[in-house]
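Notes for the one structure printed next.
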Amino acid sequence: MITLALVLLPLYFLLFELYLRVAKRWNITDVPNQRSSHTKVTVRGGGIIFVVGAFTAFVLGYIGIWPLLGLIISALAGFVDDLHPLPTWPRLLAHFSALLLLLWGGGLFILPWWLIIIIMIIFTGWVNVFNFMDGINGITALYSLVALGTFYFLPEVKEYKDLIVVMGLALIVFAFYNFRKKAIAFAGDVGSISLAFLIGFLWMDLIFLSDRFYYILFLSVYLLDALFTILIRLRNRENILKPHRKHLYQYLANELGQPHLKISLFYVLIQLFINTSLIYWSKKQEISISQTLMVLLFLALSYLAVRYMVWQKILKMQHREMQK
C-alpha cells in the first residue's frame, strides 16, 4: 500500500492541478451569493478527483463495475448541476438509476419489493443529506476521511479495504486544496454526490452483512443536523428542496462568524469520538437496538440543546444590532 500511495498521490496532485487550470479557463467557478458561506470566487467541481479515485480502484480490481457505474451516473448528474443547475426530478432520477445499478450488482433484487423501495428512499435521502452538508471549507473532506477510516477498521469491510485506501488518498489530495482559510477549490455536487454514493454503498453493505443496527451511528452527526433542519423547515412551511442557510454549521459560520476550519473540526471530532467509542464498546459487548436508540436520543437532545443556545445567541446579536 505504501508503494501504491507513492504512485497515486503525485498522480492525483498532477490531475488536480490540471483540473484547476481547465476550470479557471472554462469559468467552472462558484460565485458567492446570499446563501453562500464563502466570500470569494472559487473553482467548483474539485470533487471530480473522487471519480478518478473510484475509476483507479476499478482498474486495480478493488470495486466492481456496477458500483462504479452507479457512482459515475451520480457524479455526472452532479457535474451537470455544477455547470447549469438541474431541476429536482432529473437529479432524483439519476440517483435512483445509480442505486438500481448498485442493487442489481449486489444481487439485492431478491429482497421484498417494499424493502427495496425503503432502501431507495433512505439511500437517496442520504445522498441529498450529504450534499446539503457540503457548505464550508474542509467539512466534506474531513468527515469523509473519518467515515472511511471507521469502515476500514471494521471486520465486515475486509474486501473493501484497498478501495478505502485509494479513495482516502483522493480525499487527502482534495483536502490539501480545500481545508484552508481560503479554499482553492470546492468539491461541488460532482464531489459531494459521488462521495455520498460511495460512503452510502459501504454503509449499506456494512449493515446488511453484519446485521448490526448500531452502525447507523457512524454517520449520526450529519444525519441529525440534516434531519432536524428539515423538520424545522417543514414546521416553517418552507420548500425543503430549495437551498438555504439553516443548518447548525451555517448558523455558526454565517451568523456567528466562526471560522470554517474550526466548525469543520468541531463536527468531525464529535463524529470521531462517537465512532471510536462505539468500536470500543462493541468489543466489550454486543450493542442492542434499544441501546442504539438510547444513544441516538442522547445525541439528538444534545444537538437540539446546542442549536437552541446558538439560536439564542443569534437573537441577542440581532437585538443589539436593532438597538444601534
Side-chain angles (χ1 to χ4, degrees), residues 115 118-119 121-135 138-158 160 164 195-196 198-235 240 246-252 262-312:
L115 184 55
I118 291 174
I119 291 172
I121 292 172
I122 292 174
F123 194 93
T124 304
W126 161 250
V127 169
N128 284 280
V129 161
F130 196 93
N131 189 30
F132 291 155
M133 292 297 293
D134 178 31
I139 195 167
T140 291
L142 294 187
Y143 196 86
S144 299
L145 282 170
V146 167
L148 292 179
T150 301
F151 295 159
Y152 183 86
F153 289 102
L154 299 175
E156 292 88 352
V157 295
K158 183 178 180 181
Y160 295 123
I164 291 172
L195 265 182
L198 177 74
I199 292 172
F201 159 62
L202 293 172
W203 189 36
M204 184 174 68
D205 215 45
L206 263 177
I207 294 173
F208 272 104
L209 288 174
S210 66
D211 198 28
R212 292 174 177 171
F213 181 68
Y214 69 86
Y215 281 164
I216 193 174
L217 296 171
F218 287 145
L219 302 172
S220 54
V221 172
Y222 263 27
L223 291 174
L224 287 172
D225 195 359
L227 175 62
F228 281 111
T229 301
I230 289 171
L231 291 176
I232 290 169
R233 295 189 70 205
L234 285 174
R235 183 195 64 184
I240 62 172
K246 295 188 177 180
H247 285 290
L248 175 59
Y249 78 85
Q250 290 172 317
Y251 283 145
L252 291 169
K262 180 180 176 181
I263 300 167
S264 296
L265 285 172
F266 172 69
Y267 269 70
V268 169
L269 289 176
I270 290 176
Q271 190 65 72
L272 181 61
F273 174 76
I274 292 170
N275 293 4
T276 52
S277 299
L278 284 168
I279 291 174
Y280 177 79
W281 184 11
S282 65
K283 289 181 178 179
K284 300 292 183 181
Q285 66 176 75
E286 185 65 28
I287 302 174
S288 66
I289 293 179
S290 60
Q291 289 172 324
T292 302
L293 293 175
M294 289 297 293
V295 174
L296 265 177
L297 177 61
F298 172 77
L299 293 174
L301 293 175
S302 300
Y303 169 83
L304 289 173
V306 172
R307 187 176 179 112
Y308 176 79
M309 289 187 291
V310 168
W311 183 242
Q312 290 300 309

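Index from 1, following the sequence.
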### Query
Do R235 and L231 touch side chain to side chain, with heavy atoms closer than 4.5 Å?
no
### Task
May I have the step-by-step check of side chain to side chain contact (heavy atoms under 4.5 Å, CB included) for Y215 and E156, ending in yes or no?
CA-CA 11 Å; Y215 281 164; E156 292 88 352; 3.0 Å; yes
### Query
Of all heavy-atom pairs between S264 and G138, which one has the smallest distance, and what is that distance?
OG-C, 3.7 Å
### Query
Measuring from I274:CD1 to L269:CG, what's the distance to the nearest 0.5 Å?
11.0 Å
### Message
How close do I216 and L223 get, counting heavy atoms only, and between which atoms?
### Response
O-CD1, 4.0 Å
### Query
Under 4.5 Å between any side-chain heavy atoms of Q291 and V295, yes or no?
no
### Message
For the aromatic rings, using the six-membered ring if either is Trp, is the centroid distance between Y251 and W311 under 6.0 Å?
### Response
yes
### Query
When rounded to the nearest 0.5 angstrom, what is the spacing between CG in N275 and OG in S220?
7.0 Å
### Task
Please name the pair of heavy atoms, one in F201 and one in Y160, separated by the smallest distance, quoted to 0.1 Å.
CZ-OH, 3.4 Å
### Task
Assign the ring pair Y214 / F218 to parallel, tilted or perpendicular, where the plane angle (0 to 90°) is split at 30° and 60°.
perpendicular
### Message
Do Y249 and Y267 make a side-chain contact, defined as non-hydrogen atoms from C-beta onward lying under 4.5 Å apart?
### Response
yes
### Query
Hey, does L145 have a side-chain heavy atom less than 4.5 Å from the side chain of V268?
no
### Task
Would you mind reporting whether F132 and D225 have side-chain heavy atoms less than 4.5 Å apart?
no
### Task
Please round to the nearest 0.5 Å and tell me the distance separating atom CG of L224 and atom CG of L219.
11.0 Å
### Task
State, to 0.1 Å, how close S144 and F130 come at their nearest heavy-atom pair, and which atoms those are.
OG-CZ, 3.2 Å
### Message
I'd like to check the salt bridge (charged side-chain N to carboxylate O under 4.0 Å, His left out) partners of K246; sequence neighbours left out, ordered by chain and number.
### Response
E238
### Query
Does the side chain of L296 come within less than 4.5 Å of L217's, by heavy atoms?
yes
### Query
Hey, is CG on L301 packed in by over 12 heavy atoms from elsewhere, all under 6.0 Å?
yes
#### Entry: Spacing of CZ belonging to F153 relative to CD1 belonging to I164, to within rounding of 0.5 Å
10.0 Å
#### Entry: I263 vs I139 side-chain heavy atoms within contact, under 4.5 Å
no
### Query
Looking only at heavy atoms, which two atoms of R307 and T229 are closest? And how far apart?
NH1-OG1, 3.3 Å
### Query
Is the distance between the ring centroids of Y303 and F228 less than 6.0 Å?
yes
#### Entry: Between CH2 on residue W126 and CE on residue M204, distance to nearest 0.5 Å
13.0 Å
### Query
Are side-chain N/O atoms of Y143 and Q271 paired as donor and acceptor at under 3.5 Å?
yes
### Query
If you round to the nearest 0.5 Å, how far is CZ of F273 from CG of L278?
9.5 Å
### Task
Please step through side chain to side chain contact (heavy atoms under 4.5 Å, CB included) for the pair L252 and V310, ending with a clear verdict.
CA-CA 7 Å; L252 291 169; V310 168; 3.8 Å; yes
### Message
With heavy-atom distances below 4.5 Å as the criterion, would you say the side chains of L299 and V221 are in contact?
### Response
no
### Query
Are R212 and T292 close enough that a side-chain donor and a side-chain acceptor fall under 3.5 Å?
no
